[in-house]
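The analysis underlying the following values was restricted to heavy atoms, covering all of them including side chains, and did not include hydrogens, waters or symmetry mates. On a predicted model such as this, the values are computed, not experimentally measured, just so you know.
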Amino acid sequence: MAPPDPSLAGLRAEIDRIDEAMHRLLMQRGDIIARLIEVKRTAETGSAFRPAREADMMRRLVERHRGILPLDTAESILRVIIATFTYVQAPYRVHADLSTGEAAMRDSARFHFGFTVPFEGHLGAAGVIKALDGAHGDLGLVPAATSAGGAWWTALEGPDAPKIIARLPFVERADHPAGLPVFAIARPHPDALVTEVRLYSVRVSGWSLKAAQAVGMLAEVVAVPDGAFDGAALLVSVPAGRTIEEVIAALVGAGASVRSQTLVGGHATRYTVSAEGALVPTGH
C-alpha cells in the first residue's frame, strides 16, 4: 500500500472515506434490523427497549474510548443509533415528567433517544404513568432523585402495571450533558427485566430519622409521608449483594413496622467515569 498522503487534500479524502464507511455500516445495521423484525414479528410483546444490553454497550463504549473526540459525542451518537433502530423495530413515544424542570428532562430525552422518537411532556409522574396505560410499547421518564410528585411509584405495584426498567444515564459522570438522574418506566418484555438493582415500593409506620439512617446504610431511599403522621411511602433501590429482607430487618430494628412491600422494577448497576476514565461502580 502507498503511504498515507499527509497533504490537506489527502487528509480530507481520508475523512470522506471514513464518513462513507460509517454510513455504509449504518445501512448494513438497518438491513440486519429488518431481518430481526421478521424473526421477532410473531413473538414480540411489551416495550422493545432492552436496558441491560444497552447498559452493557455503553460501558464497553466508555472502556474503549480514546482520542480527541469527546466521550459525550461518542455516547450520544451510539444512543441515537440504538434508540432510532429500536423505534424502527417497534414505534414508541417517550413520555416525560417536566414538573421538576423542562430543560433538564428534555436534554435527557433527546440525548438518550434522539429526535426521531416522538416526545410528549407531562406535568407530573402520574400523567406519565397514565399515558403508558394504553400504549404498551411506550416509555416514561421520571426524575429518580426527587419526591416532588409524591409516591408516584405506588402506581407501579399492580401485576399488570408498568415497571421501572432502567436508570439513566447508563454511565454517570460529573460533566454529563444529560446528567439528570431519570428512571425509565415501561411495560417490559420478559427479556428486558433487569434485577442487578431491585426497586421496591415499601409502606411503613413509625418512620423516623433513626429508621432513615438504618435503611440508608443498605440502600438508596426516596421517602414521602403516607397515611398517619409517622407513616411513609418508600422507593427503595436494593443494590446487588443486598436483599429486601435485610432492608426490612433494618427498618424493624429501628422501630418501624412494614405494612407492605412490592417489587416495582429494577435496573443495571450504576457506574461512574472517574477522572482517569475508569468505570467505578456507584451506590451501595
Quick one: do V247 and V258 end up in the same hydrophobic cluster if we chain Ile, Leu, Val, Met, Phe, Trp and Tyr together by side-chain heavy atoms under 4.5 Å apart?
yes
Any donor-acceptor pair under 3.5 Å linking the side chain of E196 with the backbone of A240?
no
Please state whether the rings of F113 and Y92 are parallel, tilted or perpendicular, taking 30° and 60° as the class boundaries.
perpendicular
Indicate yes or no: at least one non-hydrogen side-chain atom of W207 is less than 4.5 angstrom from one of V224.
no
Do the side-chain N and O atoms of D138 and H95 include a donor-acceptor pair separated by under 3.5 angstrom?
yes
Can you tell me if H65 and E75 form a side-chain donor-acceptor pair at under 3.5 Å?
no
Looking at CG of L123 and CG of D97, how far apart are the two atoms once the value is rounded to the nearest 0.5 Å?
8.0 Å
L98 backbone acceptor or donor facing R106 side chain under 3.5 Å
no
Is it the case that one hydrophobic cluster holds both I33 and I81, taking links as side-chain heavy atoms less than 4.5 Å apart, direct or via other members?
yes
Shared hydrophobic cluster for L180 and L139 (ILVMFWY, side-chain gaps under 4.5 Å):
yes
Using side chain to side chain contact (heavy atoms under 4.5 Å, CB included), reason through E157 and R203 one step at a time and then give a plain yes or no.
CA-CA 12 Å; E157 292 179 347; R203 305 188 195 215; 3.1 Å; yes
Taking C-beta and beyond as the side chain, do V222 and L234 meet within less than 4.5 Å on heavy atoms?
no
Minimum side-chain heavy-atom gap E54-R79 below 4.5 Å
yes
Side chains of L36 and Q89 in contact at under 4.5 Å (non-hydrogen atoms):
yes
Step by step, work out the side chain to side chain contact (heavy atoms under 4.5 Å, CB included) result for Y200 and V264.
CA-CA 5 Å; Y200 290 85; V264 294; 5.7 Å; no
Aromatic plane relationship, H267 with F183 - under 30° parallel, 30 to 60° tilted, over 60° perpendicular:
tilted
Output, in order, the C-alpha distance, side-chain angles, deciding distance and verdict of side chain to side chain contact (heavy atoms under 4.5 Å, CB included) for L156 and I164.
CA-CA 8 Å; L156 310 180; I164 296 168; 3.7 Å; yes
When every non-hydrogen atom of R167 is compared with those of P181, the smallest separation belongs to NH2-CB, 3.5 Å
What's the shortest heavy-atom distance between A166 and P51, and which atoms?
CB-CB, 3.7 Å
Enter the distance from S76:OG to R110:CZ here, rounded to the nearest 0.5 Å.
12.0 Å
Between the side chain of T73 and the main-chain N/O of L69, is any donor-acceptor distance below 3.5 Å?
no
Hydrophobic cluster membership, L263 vs V236, 4.5 Å side-chain cutoff:
yes
Please determine if D16 and R12 form a salt bridge, counting it only when a charged side-chain N lies under 4.0 Å from a carboxylate O.
no
Stepwise side chain to side chain contact (heavy atoms under 4.5 Å, CB included) test for M58 and L78
CA-CA 8 Å; M58 301 318 299; L78 185 56; 4.0 Å; yes
Say whether, by atom type as modelled, one donor and one acceptor occur between the side chain of S7 and the main chain of G10 under 3.5 angstrom.
yes
So, R17 and E14, do they make that salt bridge, N to O below 4.0 Å?
yes
Of the non-hydrogen atoms in T100 and P143, which two are nearest, and what is the gap between them?
OG1-CG, 3.3 Å
State, without any angle test, whether T272 and R173 hold a side-chain donor-acceptor pair at a distance under 3.5 Å.
no
So, are R270 and E220 salt-bridged, with charged N and O less than 4.0 Å apart?
yes
Interatomic distance, NE2@H176 vs CG@L168, rounded to 0.5 Å, equals 9.0 Å
Return the minimal non-hydrogen interatomic distance between V194 and A268, and the atom names on each side.
CG1-N, 3.4 Å
Heavy-atom nearest pair, L132 first then G140, reads CD2-N, 3.9 Å
Would you give the length of the straight line joining atom CD1 of I248 to atom CD of Q261, rounded to the nearest 0.5 angstrom?
4.5 Å
So if you build clusters from Ile, Leu, Val, Met, Phe, Trp, Tyr with side-chain heavy-atom gaps below 4.5 Å, do V280 and V171 land together?
no
Evaluate the side-chain proximity of V221 to L235: yes if any heavy-atom separation is below 4.5 Å, no if none is.
no
Kindly check if the number of other-residue, nucleotide or ligand heavy atoms within 6.0 Å of CZ (R29) is above 12?
yes
Within-4.5 Å side-chain heavy-atom neighbours: V197 and V238:
no
Using a strict 4.0 Å threshold on nitrogen-to-oxygen distance, state whether D19 and R24 make a salt bridge.
no
Separation of I185 CD1 from I165 CD1 (nearest 0.5 Å):
9.5 Å
Find out whether the Lys NZ or Arg CZ of R59 is both under 6.0 angstrom from the six-membered ring centre of F170 and within 45° of the ring's axis.
no
Any Lys/Arg nitrogen of R242 or E246 sitting under 4.0 Å from an Asp/Glu carboxylate oxygen of the other?
yes
Let's go through D56 and R60 carefully: what are the C-alpha distance in whole Å and the side-chain angles of both, what is the deciding distance for salt bridge (Lys or Arg N to Asp or Glu O under 4.0 Å) to 0.1 Å, and is it a yes or a no?
CA-CA 6 Å; D56 181 62; R60 285 186 280 124; 3.0 Å; yes
Are the side chains of I129 and W152 in contact, using a 4.5 Å heavy-atom criterion?
yes
Can you name the nearest heavy-atom pair linking V128 to L141, along with the distance?
CG1-N, 4.0 Å
Would you mind checking if R259 and D226 are paired as a salt bridge, meaning a charged N to carboxylate O distance below 4.0 Å?
yes
Interatomic spacing from CE in M57 to CZ in R50 - rounded to 0.5 Å
13.0 Å
